[in-house]
Amino acid sequence: MALTTARTMPGVMELLPLDQIAFQDMLDTIRRTYERFGFLPVETPVMEFTDVLLTKTGGETERQVYFVQSTGSLKQGDEPDLALRFDLTVPLARYVAEHERSLSFPFRRYQMQRVYRGESAQRGRFREFYQADIDVIGKDALSIRYDAELPAVIYSVFRDLKIGPFTIQLNNRKIMRGFFEGLGITDGEQQTLVLREVDKLDKRGAAHVRETLTGESFGLSAAVAQKILDLVQIRSHGYDDALAKLIALGQGTDTFNQGIAEMREVLTLIHAFGVPETHYMLNLSIARGLDYYTGTVYETTLNDHPQIGSICSGGRYENLATHYTKSHLPGVGISIGATRLFWQLREAKLLGSAQSTVQVLVTQMEEASLPIYLELAMQLRNAGINTEAVMEASKLGKQFKYADRAGIRFVLVLGSDEIAKGVVTVKDLRKEDQYEVLRGDLIKTLRVELEQASVMPLS
RNA sequence: GUGAGCGUAGCUCAGUCGGUAGAGCUCCGGAUUGUGAUUCCGGCGGUCGUGGGUUCGAGCCCCAUCGUUCACCCCA
């Protein structure tokens with residue numbers, strides 16, 4: 001029989017167990033922080049009705065959507081009425097609209113699930129990937145203060161992930177749009193196009209942006225382009241500097257003034273939340289491509305690895321669920337692309353090698369003593385220690401090799417010598433060290449070892 | 001969706017002028033019957049992406065096709 005090549009589609013991340021453990025640790029850290037800030041868990045189905053998911057027929061999103069169809073419906077030639085979600089914000093809008101009367105507002109939810117996009121294969125781009133989102137949704141209104149809370153969450157998450165220094169970059173679209181208005185760019189569409197172009201500043205450089213803005217498609221004068229560049233090249237260093245730079249911008253259109261006022265309040269509260277001023281800055285070129293952001297926008301980058309790009313982004317939107325309800329539901333949210341983040345951290349060798357979830361391996365010295373090994377293993381499990389017992393007789397060397405490759409740090413050896421003496425040999429494969437302990441002291445000893453191993457892992 | 005590059009062992013790759021297919025790593029076994037990750041020895045593993053053409057002869061040249069990677073677009 002001809003074999004089928006075992007393979008996965010491109011753009012999916014499938015991991016070996018030790019990497020999977022590291023990835024799950026990452027998700028656990030994010031989840032713990034979200035919960036610590038008082039966000040509630042939500043899960044939604046991977047599939048949604050097509051008409052619900054594709055309310056805005058934006059060419060770009062529709063191109064990337066995977067449609068889902070049952071075999072029967074496919075044979076009948078029907079159009080698919082289901083599709084896979086491509087982000088968590090649209091399902092959130094549907095969720096809030098559907099359960100509006102049962103939810104308490106402001107609604108603070110977190111959601112960590114996989115989303116699907118028909119991307120063409122490219123480094124760091126996935127067709128299936130995890131997003132870890134938080135959003136705060138208000139009924140009728142939502143205080144600007146929540147815009148300052150999210151950076152505090154972002155700070156805590158990335159601090160706890162221990163992936164090196166990072167910077168939360170802040171901007172407000174009202175500042176940008178208001179500024180463009182003042183320059184005579186009053187058309188909303190045109191403003192959006194300029195926003196997108198300006199957003200490329202850090203990647204492509206000022207010269208490229210200037211060239212595009214003064215080029216055919218935009219047709220802006222050199223003087224106007226220069227004024228835009230002068231604004232969007234503003235960066236701050238520290239809290240006082242950020243406030244000073246905002247004040248120095250002076251007055252402008254109503255939208256502009258409102259943006260400045262919002263940004264000032266957000267900065268003041270971020271300071272009050274205790275986010276160190278080394279970890280945030282104004283970057284007036286940040287715009288985000290998505291149309292629905294209306295005020296504050298965020299982007300977070302790793303200081304030592306700028307090529308990784310944004311590892312967390314989001315912003316304020318004026319109305320979440322216009323397509324599903326007449327209620328006015330403003331919100332602010334962020335999204336961490338967990339799959340891409342993990343992948344790029346691994347590529348950049350920023351992840352230490354993970355240890356197995358198996359904490360202790362009980363080796364099999366003599367087949368006749370198997371009942372003793374099994375009993376010992378159960379005692380350890382009952383004490384809360386993840387324990388694997390070797391079930392098949394083999395050479396001790398093989399059993400050690402197995403433990404080493406499986407990432408199991410502690411190995412117990414219990415042969416006739418130990419049984420006679422009433423002790424167990426504990427070997428630490430990472431420290432290359434071994435010693436005997438009394439059977440009665442084993443659990444206490446292992447707890448101390450495991451505690452030390454988790455606090456100070458040998459990399 | 002637009003443009004460019006690359007397809008040889010599980011992985012990374014070599015393969016001269018067109019002359020019957022190679023290495024390293026990995027994996028399995030042994031050296032070592034109570035000790036892994038080092039070392040040494042042995043073994044498993046390929047329809048050279050697929051189809052056609054040129055040729056006495058094609059991994060190599062030509063055409064097509066599929067796959068894949070990169071850039072743009074967009075995005076986490």
Side-chain angles (χ1 to χ4, degrees), chain A residues 2-3 5-11 13 16 30 58-65 85-89 111-133 192-193 196-197 199-200 203-204 208 212 217 287-291 293 298-301 308-315 333-345 353 361 363-367 369 390 393-419 424-436 458:
Chain A
L3 295 172
T5 307
R7 66 200 194 282
T8 53
M9 59 182 269
M13 183 175 79
L16 294 172
I30 297 171
E60 195 54 42
T61 41
E62 190 156 3
R63 205 180 84 196
Q64 294 197 330
V65 165
R85 60 171 173 231
F86 49 84
D87 69 8
L88 299 178
T89 306
Q111 187 170 359
M112 302 171 60
Q113 290 191 276
R114 287 193 266 216
V115 302
Y116 298 83
R117 288 184 198 173
E119 293 271 3
S120 59
Q122 217 160 116
R123 171 177 295 271
R125 320 197 91 179
F126 293 87
R127 293 181 179 173
E128 177 188 70
F129 61 95
Y130 272 91
Q131 287 196 327
D133 286 23
T192 303
L193 291 175
R196 279 206 190 136
E197 195 50 43
D199 192 49
K200 295 174 184 167
K203 277 182 191 165
R204 300 282 170 71
H208 177 270
T212 312
S217 50
R288 313 293 311 127
L290 296 175
D291 293 337
Y293 293 127
Y298 317 101
E299 217 162 77
T300 303
T301 50
I308 287 180
S310 175
I311 56 176
C312 167
S313 42
I334 54 151
S335 177
I336 299 175
T339 302
R340 179 187 277 184
L341 176 61
F342 180 81
W343 183 266
Q344 297 197 306
L345 290 175
S353 56
L361 181 76
T363 57
Q364 186 174 144
M365 211 45 247
E366 295 133 7
E367 208 161 354
S369 304
V390 174
S394 69
K395 283 201 259 185
L396 197 58
K398 277 195 157 191
Q399 298 181 37
F400 274 80
K401 192 170 179 175
Y402 169 80
D404 184 48
R405 293 176 51 160
I408 304 169
R409 179 161 174 173
F410 295 100
V411 175
L412 303 186
V413 180
L414 193 53
S416 49
D417 297 353
E418 283 89 351
I419 291 171
V424 180
T425 296
V426 177
K427 174 150 178 167
D428 181 340
L429 292 190
R430 301 289 279 277
K431 274 196 200 155
E432 305 172 32
D433 182 34
Q434 72 178 56
Y435 53 88
E436 292 182 350
L458 296 174

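Every chain is numbered from 1 and lettered A, B, ... according to where its sequence line falls, protein lines coming before strand lines.
- Across the C1' atoms, rG18(B) and rC61(B) are found 8 Å apart, a figure rounded to whole Å.
- Minimum atom distance to the side chain of Lys401(A) is reached by rG36(B), of the listed rC72(B), rA76(B), rG36(B).
- Counting only Watson-Crick and G-U wobble pairs whose two distances sit under 3.5 Å, RNA chain B takes part in these stems of three or more pairs: B:1-7 with B:66-72, B:10-13 with B:22-25, B:27-31 with B:39-43, B:49-53 with B:61-65.
- For Met365(A), whose side chain is taken as the heavy atoms from C-beta onward, the closest listed nucleotide among rG34(B), rA76(B), rA37(B) is rG34(B).
- Between the P atoms of rC63(B) and rA14(B), the separation comes to 23 Å (whole Å).
- Taking only side-chain atoms of Ser335(A), from C-beta outward, the nucleotide of rA37(B), rC74(B), rA76(B) with the closest atom is rA76(B).
- In this structure, Phe129(A) atom CZ and rA76(B) atom C1' are separated by 5 Å, rounded to whole Å.
- When rounded to the nearest whole Å, the span between CZ of Phe410(A) and P of rG36(B) equals 19 Å.
- On the P atoms, rG52(B) is 14 Å away from rC60(B), given to the nearest whole Å.
- Residue Tyr402(A) and nucleotide rG36(B) are not classified as a stacked aromatic pair, given the requirement of ring centres less than 5.5 Å apart at an interplanar angle below 30°.
- Between the side chains of Glu418(A) and Thr425(A), at least one donor-acceptor pair of N or O atoms lies under 3.5 Å.
- As rounded to the nearest Å, rC44(B) and rG49(B) have P atoms that lie 24 Å from one another.
- OP1 or OP2 of rC72(B) sits under 4.0 Å from a side-chain N or O of Arg204(A).
- Donor-acceptor pairing under 3.5 Å, judged by distance alone, is present between the side chain of Arg125(A) and the base of rC74(B).
- The side chain of Lys427(A) sits closest to rU35(B) out of rU35(B), rG34(B), rA76(B).
- A 4.5 Å side-chain heavy-atom check between Asp87(A) and Arg117(A) finds at least one atom pair inside the cut-off.
- Within the 3.5 Å criterion, the main-chain N or O of Ser394(A) finds a donor-acceptor partner in the side chain of Gln399(A).
- Here the P atom of nucleotide rC75(B) and the OH atom of Tyr130(A) are 24 Å apart, to the nearest Å.
- Listed by chain and number, the residues in a side-chain hydrogen bond (donor to acceptor under 3.5 Å, both in side chains) with Thr89(A) amount to none (sequence neighbours excluded).
- Under the 4.0 Å criterion applied to side-chain N and carboxylate O atoms, Arg409(A) and Asp428(A) are assigned as salt-bridge partners.
- Taking every side-chain heavy atom of Lys200(A) into account, rC73(B) is the closest of rG34(B), rA76(B), rC73(B).
- For Lys395(A), counting side-chain heavy atoms from C-beta on, the closest listed nucleotide (rU32(B), rC75(B), rU35(B)) is rU32(B).
- Taking atom P on both nucleotides, rC48(B) is separated from rA58(B) by 12 Å, rounded to a whole Å.
- For the pair Leu345(A) CG and rA76(B) P, the computed distance is 17 Å after rounding to whole Å.
- The base of rA76(B) sits within donor-acceptor range of the side chain of Arg117(A), with an N or O pair under 3.5 Å.
- Glu432(A) places its CD atom 9 Å from the C1' atom of rG36(B), with the value rounded to the nearest Å.
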Extract from the structure each pairing of a protein N or O with an N or O of nucleotides 24-27 of chain B at less than 3.5 Å, listing the distance.
| unit_1 | atom_1 | unit_2 | atom_2 | d |
| --- | --- | --- | --- | --- |
| rC27(B) | OP1 | Arg405(A) | NH1 | 2.8 |
| rC27(B) | OP1 | Arg405(A) | NH2 | 2.8 |

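- Straight-line distance between the P atoms of rG19(B) and rG24(B): roughly 24 Å, to the nearest whole Å.
- Contact record, Ser313(A) with Glu299(A): CB-CG, 4.1 Å, taken as the closest heavy-atom pair.
- For the C1' atoms, the distance linking rC27(B) with rG15(B) amounts to 25 Å, nearest Å.
- Nearest nucleotide to the side chain of Glu418(A), out of rG34(B), rC72(B), rC75(B): rG34(B).
- At a threshold of 4.5 Å between non-hydrogen side-chain atoms, the residues Ile334(A) and Asp133(A) do not count as touching.
- Contacts of Thr363(A) with the nucleic acid, taken as non-hydrogen atoms under 4.0 Å apart, are absent.
- Taking atom CD of Glu436(A) as the reference point, atom C1' of rU35(B) lies 14 Å away to the nearest angstrom.
- Between the side chain of Gln399(A) and the base of rU35(B) there is no donor-acceptor pair of N/O atoms closer than 3.5 Å.
- Note: CG (Asp133(A)) to P (rC75(B)) measures 15 Å, nearest angstrom.
- Contact of the His208(A) side chain with the Glu197(A) side chain is registered, since non-hydrogen atoms from C-beta on lie closer than 4.5 Å.
- Arg114(A) comes within 4.0 angstrom of nothing in the nucleic acid, heavy atoms only.
- Closest approach of Leu412(A) to Thr363(A), counting heavy atoms only: O-OG1, 2.6 Å.
- Separation of the C1' atoms belonging to rG59(B) and rG22(B) is 12 Å when rounded to the nearest angstrom.
- Two residues, Cys312(A) and Leu429(A), neighbour RNA chain B, and the one matched to the more 5' nucleotide by heavy-atom proximity is Leu429(A).
- Computed from coordinates, the Leu396(A) CG to rG36(B) P distance equals 8 Å when rounded to whole Å.
- Residue contacts shown for Asp417(A) include a base, since a base heavy atom lies under 4.0 Å away.
- Partners of Lys401(A) under the side-chain contact (heavy atoms from CB on, under 4.5 Å) rule, at least two apart in sequence or in another chain, are Arg405(A).
- Legend: residues meeting ring pair (Phe, Tyr, Trp, His ring centres under 6.0 Å) with Phe129(A), ordered by chain and number and at least two apart, are absent.
- For Glu366(A), the side-chain contact (heavy atoms from CB on, under 4.5 Å) criterion is met by Ser369(A), Tyr373(A), Ser416(A), not counting sequence neighbours.
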